[in-house]
Structure formats: structure tokens, C-alpha cells
Chemist: 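This is the structure I have questions about; it appears just below.
In this text the structure is predicted, and so the values were computed from the model without any measurement. Hydrogens, waters and symmetry mates play no part in the numbers below; they use all other heavy atoms, side chains included. Note that the numbering runs from 1 along the sequence shown for the chain.
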Amino acid sequence: MIGIGGAPDVHACSRAGCDSTASWRIDWRNPRIHTGERGKTWLACDEHVDYLREFLAARDFPVAVSAIEIGADA
């Protein structure tokens with residue numbers, strides 16, 4: 001996640017309270033406020049990837065989950 005005025009913590013899980021290393025990328029958008037290709041990305045560890053995906057899918061947000069490649073920018 002990105003903190004105010006700080007650089008992104010590239011490989012930290014986006015689940016609140018979790019500081020595990022993320023291995024999944026969750027791309028999503030809220031169609032009510034994000035038009036076209038504009039969207040957001042959350043990162044998830046193995047433990048929270050299903051929780052975060054289901055949290056977004058339950059709200060009918062388009063969601064795509066992919067593995068983070070080693071050495072790639074998240």
C-alpha cells in the first residue's frame with residue numbers, strides 16, 4: 001500500500017494488519033467511480049489472496065488475480 005507522502009511498500013500484503021510479503025496481485029475497479037481502464041491494485045500474501053478477492057467480488061467489482069513475478073514491479 002502507499003502511505004501518505006511515502007513510497008509504496010512494494011511487496012507488503014494489502015490486508016489490514018498484515019505485514020507478510022505479497023505474492024499475488026489483485027487488479028480491480030469500482031465501475032461506479034472508475035471508468036474505462038482506470039482501476040486499483042492490491043497486493044496479497046498467500047493467506048489473504050482469497051479473502052481479498054472474495055471481498056471485492058462480493059461487491060460485483062471486476063477482479064483479476066495474478067502471481068507477482070520475481071523481479072517485476074508490482
Chemist: Write down the atom of R25, the atom of L43, and the distance for their closest heavy-atom approach.
Modeler: CA-CD2, 4.2 Å

Chemist: H11 and I68: side chain to side chain contact (heavy atoms under 4.5 Å, CB included), yes or no, with the steps?
Modeler: CA-CA 9 Å; H11 295 289; I68 296 175; 4.2 Å; yes

Chemist: Would you name the heavy atoms of V65 and V49 that are closest together and state the gap between them?
Modeler: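 So the two residues come closest at CG1-CG2, 3.8 Å.
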
Chemist: Taking atom CH2 of W28 as the centre, report whether more than 12 heavy atoms of other residues, nucleotides or ligands fall under 6.0 Å from it.
Modeler: yes

Chemist: With a 3.5 Å cut-off and sequence neighbours excluded, list the donor-acceptor pairs that the side chains of residues 54-63 form with protein atoms.
Modeler:
unit_1, atom_1, unit_2, atom_2, d
R59, NH1, F55, O, 2.6

Chemist: With sequence neighbours left out, what residues match S23 under side chain to side chain contact (heavy atoms under 4.5 Å, CB included)?
Modeler: D46

Chemist: Could you state the interatomic distance from NZ (K40) to CD1 (I26), rounded to the nearest 0.5 Å?
Modeler: 14.0 Å

Chemist: Quick check: closest heavy atoms across C45 and C13, and the distance to 0.1 Å?
Modeler: N-SG, 3.5 Å

